[in-house]
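Note that the numbering runs from 1 along the sequence shown for the chain. Whatever order the structure lists ligands and atoms in, that order sets their numbers, starting from 1. Both backbone and side-chain heavy atoms feed into the values below; hydrogens, waters and symmetry mates do not.
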Amino acid sequence: MSKSTTEPSRHDVVVIGAGFSGMLLIHRLRDELGYDVKVLERGEDVGGTWFWNRYPGARCDFESEFYSYSDDEIQQEWNWSEKYAAQPEILEYINFVAERWDVRRSIEFDTTVTAAAFDEARDVWVVETDQDSTFEARYLIAATGNLSVPSEPSFPGMETFTGPIHHTGRWPRGGVDFTGQRVAVIGTGSSGIQSIPLIAEQAAELTVFQRTATFTVPAANRPLTDRERQVTKANYPVLREAATHTRAGILGEQPMGSFADVDPVLARGELERRWRTTGLGVTATLNDTLVSEEANAFVAQFVRDKINQIVKDPATAKLLEPHDYPIGTKRLALDTGYYETFNRPNVSLVSIRENPIERFTRNGIVVDDHEHEFDAIVLATGFDAVTGALERIEITGRNGRPLADAWAEGATSYLGLAVHGFPNLFTVTGPGSPAVLTNVVASIEHHVEWIADYLEHLRREGITRTEATAAAQADWVERVAELASHTLYPRAASWYMGVNVPGKPRVFLAYLGGFSTYRTTCSAVAADGYPGFDHAHAVREIADRETERVNA
Ligand code: N01
């Protein structure tokens with residue numbers, strides 16, 4: 001860790017990241033509990049994911065009325081225009097909240113954390129940045145997001161392409177005009193699926209390079225009516241509370257039952273209804289879609305049939321049919337007119353499954369010895385998910401152990417909140433939590449509340465150091481893996497498994513027990529005095545220091 005030449009700036013808490021999590025941490029810890037909080041943010045403004053992902057079509061896929069803070073005043077004042085708001089509106093909302101909570105005064109923008117080391121002699125984290133600045137704090141909280149580090153494949157000859165190459169996760173702030181251009185999109189996950197229909201409308205020609213066909217269902221997005229907004233606002237507390245009792249942290253359609261118990265004709269009718277109205281509700285039609293091969297095959301075939309109904313060219317429809325993984329085991333995408341886009345005369349689909357991209361040239365992309373010429377290329381190739389942001393920081397815990405070393409065989413954590421060997425470090429929506437399978441804003445609120453309560457407990461008890469025990473962490477890691485092993489999730493080469501990043505260990509990165517059960521577990525840990533966290537060392541040190549003081 002290179003030392004900065006300036007005096008450290010000292011705080012109670014240093015937070016990395018000023019997205020939904022970092023902003024809420026400022027509000028909760030600084031404004032409500034009186035901690036001195038400093039947030040370090042790589043971007044030039046607040047917003048995290050919603051600051052960077054400005055590609056055309058970017059929008060949330062949980063209802064905006066609930067993909068938002070549960071703050072009483074804010075939820076009464078803000079009016080969402082659509083069921084699933086687009087990125088500009090979400091960023092506008094984030095800015096509205098930033099003003100309301102006056103968060104910017106606690107944030108250093110354009111500041112990338114490069115290293116953080118735990119000083120065992122003083123129980124503080126020493127945090128270094130690319131601005132040659134140093135910050136110190138008792139607690140370090142990673143609010144770094146799960147999908148914040150773009151995964152950018154390096155294709156041979158990439159540097160020779162003369163046009164612009166844009167990654168969806170780092171979209172230029174002023175937008176991109178593709179009018180009249182020949183455009184390539186590589187990648188057909190959620191980002192590709194959201195952007196492809198809009199790029200197709202603007203570009204002269206669009207070529208989509210698809211390695212794996214993705215299951216996507218219509219978002220059925222629409223404007224909200226005044227009446228709908230009023231009803232939600234009148235009932236927010238009860239709706240938010242009810243959502244905490246669900247598996248995904250949001251109220252949605254209930255399953256009809258398990259595949260074996262439902263009449264297939266009724267189930268198909270229900271799938272049909274949900275296809276038209278509910279977005280993600282499609283895979284929740286049966287309660288065993290993610291554990292039973294038969295149930296999964298039934299739902300998957302329904303979607304494949306839809307593709308064949310919508311896409312006019314049979315060869316293109318065939319290519320768009322996903323066959324490589326059970327539906328739902330990669331994140332189901334929500335789209336607006338995705339399959340319909342392949343009926344446009346200016347759109348073509350190139351499968352790179354059997355014949356991968358050979359290389360980029362000055363003019364375009366070579367596949368199967370054929371050069372496709374482009375003016376611009378879009379990489380919709382995803383993220384080094386869940387662990388990527390933390391692994392890019394040189395984090396050193398107790399005994400000088402790097403986090404990269406601790407996670408060499410895969411990310412480990414206790415409750416997705418703390419890592420053994422890294423005292424006083426908390427991870428908001430960290431690996432091993434259910435966050436990526438939930439309405440992430442609900443998960444963020446839960447974690448921030450839990451961490452705030454814990455800091456208060458530590459403050460009351462005079463404890464200066466806390467660390468997840470090796471045993472508690474091992475139990476939790478085993479529980480996360482065991483739950484995954486009872487499902488179809490490990491069958492997919494997904495970012496949930498780390499498979500999308502070459503060399504990344506294959507470990508299922510999320511807790512599958514559901515948001516409600518997870519909350520109950522975390523609450524029980526708090527109510528029982530935080531078993532699984534070791535305070536003994538800190539208490540011993542406090543006693544030693546007191547003895548030294550008295551003897552001096
Ligand atoms: O990324 P992805 P994403 N050569 O990893 C392909 C959230 N999100 O940014 O499947 C060729 O899903 C890759 O192919 P394959 C959401 O949680 C939410 O789209 O690995 N192709 C795949 O097709 C989502 O799950 C929203 O074979 C390559 C694509 O690129 C998560 O973010 C919107 C390649 C990557 O898909 C990530 O979504 C957007 C290579 N070398 C994102 N490398 C909402 O709706 C990768 N690919 C809220």
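- Other residues, nucleotides and ligands place more than 12 heavy atoms under 6.0 Å from the CZ atom of R273.
- Taking a cutoff of 4.0 Å between a charged side-chain nitrogen and a carboxylate oxygen, D324 and R353 qualify as a salt bridge.
- Under the side-chain hydrogen bond (donor to acceptor under 3.5 Å, both in side chains) criterion, E201 pairs with no residue, sequence neighbours left out.
- With respect to Y511, the ring pair (Phe, Tyr, Trp, His ring centres under 6.0 Å) criterion is satisfied by exactly one of W476, Y414, Y489, Y496: W476.
- The main-chain N or O of T316 is found under 3.5 Å from a side-chain atom of D313 such that the two form a donor-acceptor pair.
- The aromatic rings of Y67 and W50 lie perpendicular to each other, with more than 60° between the two planes, well past the 30° mark.
- Protein residues with any heavy atom under 4.0 Å from ligand 1: Y55, R59, C60, D61, L147, P153, F155, I186, G187, T188, G189, S190, S191, Q194, R211, T212, K330, R331, I352, A380, T381, G382, F383, W495.
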